[in-house]
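The structure appears below as structure tokens.
This is a predicted model, so every value here is computed, not measured.
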Amino acid sequence: IMHLGSETKKSKSEAMYFPTSLQQAQHDFEKNILPEDIILANGKKVHFVNKFKYLGSIIRPLLNEDIKIDTRIIKAKSIMGTVKTFFDNKDVDKRIKCQVYVAGPLNALLWGCESW
């Protein structure tokens with residue numbers, strides 16, 4: 001069952017328009033130009049968006065990975081900030097610090113990078 005919007009409620013279903021050229025997609029994305037909502041026969045609406053999350057990936061009409069890469073960098077920085085006191089601790093062996101770095105921030109940064 002699909003939840004569709006009405007005059008008073010926003011639709012949970014979203015549609016995305018992909019222009020015929022990347023130049024047009026860039027222009028529309030920068031100006032936030034979106035097509036009109038789709039109105040179905042029963043009066044329900046489906047609205048257009050310029051980005052949405054699907055299976056953990058953010059899809060945009062530009063079909064690039066900029067947002068995904070930026071999100072990964074932010075996550076890695078956040079993890080580094082969280083474990084800063086751990087890395088500053090002189091009593092912790094460097095090998096343990098290396099293992100924590102690889103398991104935490106580095107993993108968060110490079111997750112899915114083979115698709116970039």
Side-chain angles (χ1 to χ4, degrees):
I1 296 178
M2 210 164 69
H3 177 272
L4 299 171
S6 62
E7 291 297 322
T8 57
K9 289 185 178 180
K10 187 176 177 184
S11 172
K12 289 184 181 178
S13 299
E14 299 174 332
M16 179 173 273
Y17 170 70
F18 290 91
T20 56
S21 72
L22 284 176
Q23 291 82 14
Q24 184 66 39
Q26 180 72 34
H27 175 266
D28 291 354
F29 187 77
E30 288 172 356
K31 305 281 187 194
N32 201 24
I33 298 171
L34 296 171
E36 295 292 322
D37 291 348
I38 298 171
I39 301 175
L40 303 176
N42 58 2
K44 302 289 186 174
K45 291 184 178 182
V46 177
H47 69 280
F48 281 90
V49 295
N50 60 9
K51 65 180 177 181
F52 70 96
K53 195 170 197 176
Y54 179 71
L55 297 177
S57 294
I58 296 175
I59 310 295
R60 299 188 322 169
L62 302 175
L63 299 176
N64 60 19
E65 300 285 341
D66 293 351
I67 289 179
K68 190 172 185 177
I69 293 169
D70 291 343
T71 301
R72 290 280 160 209
I73 291 170
I74 290 168
K75 283 184 182 183
K77 284 181 179 180
S78 173
I79 293 171
M80 283 300 290
T82 303
V83 295
K84 182 180 182 336
T85 55
F86 171 79
F87 285 114
D88 290 343
N89 189 339
K90 304 285 187 213
D91 296 330
V92 179
D93 186 47
K94 288 183 180 179
R95 291 175 292 200
I96 300 298
K97 289 181 183 181
C98 182
Q99 289 175 345
V100 169
Y101 174 74
V102 169
L106 190 61
N107 188 35
L109 178 65
L110 299 178
W111 184 265
C113 69
E114 64 276 357
S115 67
W116 300 344

Would K75 and L109 satisfy side-chain contact (heavy atoms from CB on, under 4.5 Å), going step by step from the backbone distance to the final call? CA-CA 7 Å; K75 283 184 182 183; L109 178 65; over 6 Å; no
So which atom in [X] and which in [Y] form the shortest heavy-atom distance, rounded to 0.1 Å?
X    : Y   : result
R60  : K51 : CG-CB, 3.7 Å
P105 : A76 : O-CB, 3.6 Å
P19  : P61 : CD-CB, 4.2 Å

Tell me, please, which residues at least two apart from N107 pass side-chain hydrogen bond (donor to acceptor under 3.5 Å, both in side chains). none
List in chain and number order the residues that pass side-chain hydrogen bond (donor to acceptor under 3.5 Å, both in side chains) with Q99, two or more places apart in sequence or in another chain; answer none if no residue qualifies. none
Begin from the C-alpha positions of I33 and Y17 and carry the test side-chain contact (heavy atoms from CB on, under 4.5 Å) through to its verdict. CA-CA 10 Å; I33 298 171; Y17 170 70; over 6 Å; no
Side chains of M80 and Y101, heavy atoms from C-beta outward: is any pair under 4.5 Å? yes
With side chains defined as the heavy atoms from C-beta onward, is the minimum distance between F18 and I59 less than 4.5 Å? yes
Membership question, hydrophobic clusters at under 4.5 Å side-chain separation (ILVMFWY): are [Y] and [X] in the same one?
X    : Y   : value
L22  : L34 : no
L106 : I73 : yes
I79  : I69 : no

No-hydrogen, no-angle side-chain donor-acceptor test under 3.5 Å, D28 and N50: no
Any side-chain to backbone donor/acceptor pair from S78 onto I74? Under 3.5 Å, distance only. no
Side-chain donor or acceptor of K97 paired with backbone N/O of F87 under 3.5 Å: yes
How far does [atom1] of [X] sit from [atom2] of [Y], to the nearest 0.5 angstrom?
X   : Y   : atom1 : atom2 : result
L62 : Q23 : CG    : CD    : 11.0 Å
R72 : K77 : CZ    : NZ    : 15.0 Å
D91 : F86 : CG    : CZ    : 11.0 Å

